[in-house]
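Take a look at the structure set out below.
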There are 2 protein chains.
Amino acid sequence: MSELKPGRSFVSAQQVAELAGVSRSAVSRTFTDGASVSETTRKKVLEAADKLGYHVNHLARSLIHEDSGIVCLIGADINTPYHSRLIDAITRRLQAISRVAMVINTSGDSASVEAALRQTLNYRANATIVLSGTPPASLINTCINSGQHVILINRDDHLAGPESITVDNTAAAREAFHMLHRAGCRRIAVVSSNAGTPSLVAREQGFEEAAREAGLAVTIARAGPTGYGAGFEAGRLLLSGSDRPDAAFCVTDLLACGFMDAARVEFGMDVPSELCVVGFDDIEQAGWASYQLTTFRQPIDQIADHISALLEREEIGPATGSRACFHAAPVWRRTVRPK
Amino acid sequence: MSELKPGRSFVSAQQVAELAGVSRSAVSRTFTDGASVSETTRKKVLEAADKLGYHVNHLARSLIHEDSGIVCLIGADINTPYHSRLIDAITRRLQAISRVAMVINTSGDSASVEAALRQTLNYRANATIVLSGTPPASLINTCINSGQHVILINRDDHLAGPESITVDNTAAAREAFHMLHRAGCRRIAVVSSNAGTPSLVAREQGFEEAAREAGLAVTIARAGPTGYGAGFEAGRLLLSGSDRPDAAFCVTDLLACGFMDAARVEFGMDVPSELCVVGFDDIEQAGWASYQLTTFRQPIDQIADHISALLEREEIGPATGSRACFHAAPVWRRTVRPK
DNA sequence: GCAGGCGTTGCACAAATGTGCAATCGTCTC
DNA sequence: GAGACGATTGCACATTTGTGCAACGCCTGC
């Protein structure tokens, strides 16, 4: 089908036109949807293009259209189960609507983050999706001020302009409390991290509030960055005291896995007979036989679908600053005693 | 610092030039390293650029240079712990050398994959990195024929042209056998998947070969796609028979986690006293207290560093079709009995 | 004071593409 | 057969940027 070209560089429409014996415009129109080309020249062009290995240069095309087709994903800790699943779902949706994802990893030092973000603006991304609460607000403002279409996921700070997609963390956290309370738990701990992400804070506060309404106080443990290690350490701290909690709400499944492992391995406790645990996110590991964690499911597919819809609608009108809020449904497994 | 522009569209160098009262060339030179601009005009330009929120359009810049700064990552199952860590490491390195990653998810149906790949070529990516063995070889050939700089990771098929980075799967698998053999295991199973990826096949064969040399036969279980579920199912199949194996080499940590859980939860077996397990990859979960899996570490940082070096060297000369092979070192934890 | 040289600047062209407009070609109808 | 109409095609210009070349201005040295 295709042959190796002599030169190193890419093939241009001009070369295809010469080989096909038509004008460059004809080549351009062949690869433009809805343009007027006769069937015979179209065939000649496609043949020549295939022979030369021609591919339309989107960089040049984007110079003319406003639409570059690039959507930028900004996030930290992208190796986390929740984030990687989110990226998986979003990239798939993007490809389905002929967009392509550019990933900016903000885990590095903040100087490189700034540079990376600038890179993104430089590529005239069609939209910028902020995956987590971690990237600093100043970065997001830079995007907005540059006229970028910004979509925030699970970032409850109320900035004007960008569209936001959230999960009803507060409601879910309240429900989590009632699940544990109904199971008879009274000495309840909240396992969180020192990340201070808006959505994590909302979960902490929602839970605490519901507990207060029920006349209970909760102790909060924050033993490091969000992850397995911090959960394990929090378990060590909370369970070594004299009055052990009989339940824990972990604001993240990773924290929950760490916490459960500390309870079982370090203290020989049984879950759920001695200790009930509720997590959040419903990462894959929550369903593993070793954990069977009762948790709340992040509606990742719904989020991805919504993003897809927002981007498709963008072709027509400008961003509207809409806000979508999805429900996180409980997933009952085996870390909460049945009532 | 920056103001909201009236128009919707991006700011061009022309507008900055007009505001600064200089020629467009001066603006261009201000943002080009090593170009000759006086300090006074440079300052004027930077001021105007900041006021308007100007960012150099890399798409246009890439029309002139060969270098688009875009590096494309192609992979399937990118939500897998191993792949997401790889993506994390690579994106970070890329940003450090002023490149940006474009992620193509090949998990969808093959039609959309083809379309996505075409997209990539369209963006004149600087290089294409193939993360897994799953993308079909025809796609890779399309890349190569289009003059792309292709880097294959852990893909042992011997294509001419692309540079390849591999892990010495065979040696590690052989070592895995000897670890189990030395621990006294004699009825050894290999837990694999039906993916048929070259690196997975190499691990199977390396292990089997070492076993044959030691006069042992191994049984291979392939119970589905590579992942926790297939490992669990393989455990169910292997351990329900009359002569249970006393050890298993799982060609992936995810398989190992599923296998271990099946052994413990479904059959109440103890690891490692009744059953020794060795995995591969050293994903984060392998170090969790519930597993403490003895495994082989994928040298992800070395791989990422090597990619970074290849790309930086590319600026000077063309690709050389080099092959790098890294060692996967054993990580001793607690799923193999000490000798 | 003048010539030479150096640093800076602007013009114009290059890169690859999409598209409006006019010209051309073919076909259909009367 | 001729006119008209519709489909198709090519020209030229647009998008944004980098850069060679020539000109310009300023400073220095004689």
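Just so we're clear, the structure is a prediction, and the values are computed from it rather than from any experiment. Within every chain, numbering begins at 1; the chains are lettered A, B, ... in the order of the sequence lines, protein sequences first and strands thereafter.
Thr80(A) places no side-chain N or O within 3.5 Å of a backbone atom of Tyr82(A) that could act as its donor or acceptor partner. A donor-acceptor distance shorter than 3.5 angstrom exists from the side chain of Asn105(A) to the backbone of Asp88(B), with no hydrogens or angles considered. Formation of a donor-acceptor pair under 3.5 Å by the Thr32(A) side chain with backbone atoms of Ser28(A) is found in this model. Between the Gln148(A) side chain and the Ala125(A) main chain, a donor and an acceptor come within less than 3.5 Å of each other. Distance alone, capped at 3.5 Å, is enough to place a donor-acceptor pair between the His83(A) side chain and the Asp77(A) backbone.
When the nucleotides dG18(D), dT16(D), dA16(C) are ranked by their closest atom to the side chain of Ser12(B), dT16(D) comes out on top. Each of dG18(D), dG18(C), dT17(C) was ranked by its minimum atom distance to the side chain of Tyr54(A); first place goes to dT17(C).
The residue His65(A) sits close only to the backbone: its heavy atoms come under 4.0 Å of sugar-phosphate atoms, none of a base.
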Identify all pairs in which a protein N or O lies below 3.5 Å from an N or O of nucleotides 6-11 of chain D, and state each distance.
from    : atom 1 : to       : atom 2 : distance (Å)
dT8(D)  : OP2    : Ser36(A) : OG     : 3.3
dT9(D)  : OP1    : Ser38(A) : OG     : 2.9
dT9(D)  : OP1    : Thr41(A) : OG1    : 3.0
dT9(D)  : OP2    : Ser38(A) : N      : 3.2
dT9(D)  : OP2    : Thr41(A) : OG1    : 3.4
dG10(D) : OP2    : Ser23(A) : N      : 3.0
dG10(D) : OP2    : Ser23(A) : OG     : 2.7
dG10(D) : N7     : Arg29(A) : NH2    : 2.9
dG10(D) : O6     : Arg29(A) : NH2    : 2.8
dC11(D) : N4     : Ser25(A) : OG     : 3.0

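When rounded to the nearest whole Å, the span between CG of Asn122(B) and P of dA16(C) equals 15 Å. At whole-Å resolution of the value, CZ in Arg61(B) and C1' in dT15(D) are 17 Å apart. Remark: P of dG18(C) and CG of Asn57(A) are 9 Å apart, rounded to the nearest angstrom. The distance from atom CG of Asp67(B) to atom P of dA15(C) is 18 Å, rounded to the nearest whole Å. Atom CD of Gln14(A) and atom P of dG18(C) are 13 Å apart (whole Å). Rounded to whole Å, the distance from CD1 on Ile64(B) to C1' on dA16(C) is 11 Å. For the pair Leu59(B) CG and dG18(D) C1', the computed distance is 15 Å after rounding to whole Å. Rounded to an integer number of Å, the gap from CG of Leu63(B) to P of dG18(C) is 12 Å.
Neither side chain, Asn57(B) nor Asn122(A), offers a donor N or O lying under 3.5 Å from an acceptor on the other. At a cut-off of 3.5 Å, with distance as the only test, no side-chain donor of Thr197(B) or Ser199(B) sits close to an acceptor on the other residue.
In this model, the phosphate group of dT17(C) is not approached by any side-chain N or O of Ser28(A) to a distance below 4.0 Å at OP1 or OP2.
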